[in-house]
Novice: 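What follows is a structure written as structure tokens; I'll ask about it next.
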Amino acid sequence: MVPSAVTWGLLAAWAVHDVEELATMAGWTRSARPQLEERLPWVPWERLEVSQRHVNVAVGLMGGVMAGASALGARTGGRSPVFQAALLGFGAHGVMHLAQAAAMRGYTPGAVTAPVVVIPFSVWAWRRLRAEGVPVRTGAAAWAGLTALPILLAGIHAAAHTLTRPRTRPRRPASTPPLTP
């Protein structure tokens, strides 16, 4: 039987990792923008800068995804394709954090917990699944899960952008008197 430390552990490891991102992402994107603009001038950085509110909403939305994937993993003993895709994506996400930090030649949000939480948890969880005889999805199923990760992340950030953008009230023309009951 797959221990709950594997299935619900995914949510716990994600939470530890995302506390770091919550604490650092908005400030880091502001301070790193000049360096990013210099290295990658074709990227529209002004559209990619994120506020703390945006980060909070994005992390919350992703938390819902990870909670759902962990619940499916717990219900199926780790056999759920959604759980396995989330676990694979989480580990790949950790590797991407290390690659980003190397490319920036310094700290990037998530780079501290990636090598000490994300990657070790992912490797341990896969080993536990295999040790328990859980069929592990490989090949096309694994690639589908990895392909879904950037699409999911883009969708989460698009939703967070929509939910946190400033709202404007429709203006009444000056010549229209207010309605009175």
Side-chain angles (χ1 to χ4, degrees), residues 1-29 50-102 107-164:
M1 179 168 174
V2 173
S4 63
V6 171
T7 55
W8 290 110
L10 174 61
L11 180 59
W14 171 84
V16 169
H17 173 66
D18 269 44
V19 164
E20 178 189 0
E21 290 184 338
L22 270 170
T24 62
M25 190 178 296
W28 183 87
T29 58
V50 294
S51 67
Q52 187 61 51
R53 189 168 168 228
H54 174 102
V55 173
N56 296 348
V57 170
V59 167
L61 292 171
M62 193 63 189
V65 170
M66 296 306 278
S70 294
L72 286 170
R75 195 182 86 208
T76 62
R79 288 170 171 72
S80 164
V82 172
F83 169 75
Q84 289 191 13
L87 181 59
L88 182 61
F90 184 60
H93 175 75
V95 172
M96 287 305 301
H97 276 297
L98 297 180
Q100 289 169 342
Y107 177 79
T108 59
V112 171
T113 53
V116 296
V117 175
V118 177
I119 296 167
F121 172 80
S122 299
V123 169
W124 173 81
W126 284 114
R127 287 182 178 161
R128 290 294 301 160
L129 289 174
R130 286 188 180 99
E132 295 296 330
V134 173
V136 173
R137 300 190 190 297
T138 58
W143 280 109
L146 282 178
T147 302
L149 178 64
I151 295 166
L152 173 66
L153 293 174
I156 295 258
H157 280 285
H161 173 74
T162 299
L163 291 169
T164 60

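Note that these values count all heavy atoms, side chains included, but never hydrogens, waters or copies made by symmetry. Residue indices begin at 1 and follow the sequence shown.
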Novice: Pair up each side-chain donor or acceptor in residues 125-134 with any protein partner under 3.5 Å, not counting sequence neighbours, and list the distances.
Specialist:
| from | atom 1 | to | atom 2 | distance (Å) |
| --- | --- | --- | --- | --- |
| R128 | NH2 | E132 | OE2 | 3.1 |
| E132 | OE1 | M1 | N | 2.9 |

Novice: Where is the tightest heavy-atom contact between A26 and S51, given as atom of each residue plus distance?
Specialist: CB-C, 3.8 Å
Novice: Check for a donor-acceptor pair, side chain of S70 on one end and backbone N or O of L11 on the other, with a separation under 3.5 Å.
Specialist: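 Yes: the side chain of S70 pairs with the backbone of L11.
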Novice: Identify, with sequence neighbours excluded, every residue that meets side-chain contact (heavy atoms from CB on, under 4.5 Å) alongside T7.
Specialist: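 Partners of T7 by the side-chain contact (heavy atoms from CB on, under 4.5 Å) criterion, ordered by chain and then number, come out as V2, S4, A74, F83.
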Novice: Which pairs of donor and acceptor atoms, one on a side chain in residues 110-123, lie under 3.5 Å apart (sequence neighbours left out)?
Specialist:
| from | atom 1 | to | atom 2 | distance (Å) |
| --- | --- | --- | --- | --- |
| T113 | OG1 | H17 | ND1 | 2.6 |
| T113 | OG1 | E20 | OE1 | 2.6 |
| S122 | OG | G91 | N | 3.4 |
| S122 | OG | V118 | O | 2.9 |

Novice: Give me each pair satisfying side chain to side chain donor-acceptor pair (under 3.5 Å) with a member in residues 56-66, each pair once, sequence neighbours excluded.
Specialist: Q52-N56
Novice: Applying side chain to side chain donor-acceptor pair (under 3.5 Å), which residue pairs with at least one partner in residues 76-92 are found, sequence neighbours left out?
Specialist: none
Novice: List for me each residue that meets side-chain contact (heavy atoms from CB on, under 4.5 Å) alongside M96, sequence neighbours excluded, and say none if there are none.
Specialist: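 Residues passing side-chain contact (heavy atoms from CB on, under 4.5 Å) with M96: none at all.
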Novice: Could you measure the distance from the CH2 atom of W28 to the CD atom of E21? Nearest 0.5 Å is fine.
Specialist: 11.5 Å
Novice: Indicate every side-chain donor-acceptor pair of residues 142-157 with a distance under 3.5 Å to a residue at least two apart or in another chain.
Specialist:
| from | atom 1 | to | atom 2 | distance (Å) |
| --- | --- | --- | --- | --- |
| T147 | OG1 | W143 | O | 2.7 |
| H157 | ND1 | H54 | NE2 | 2.8 |

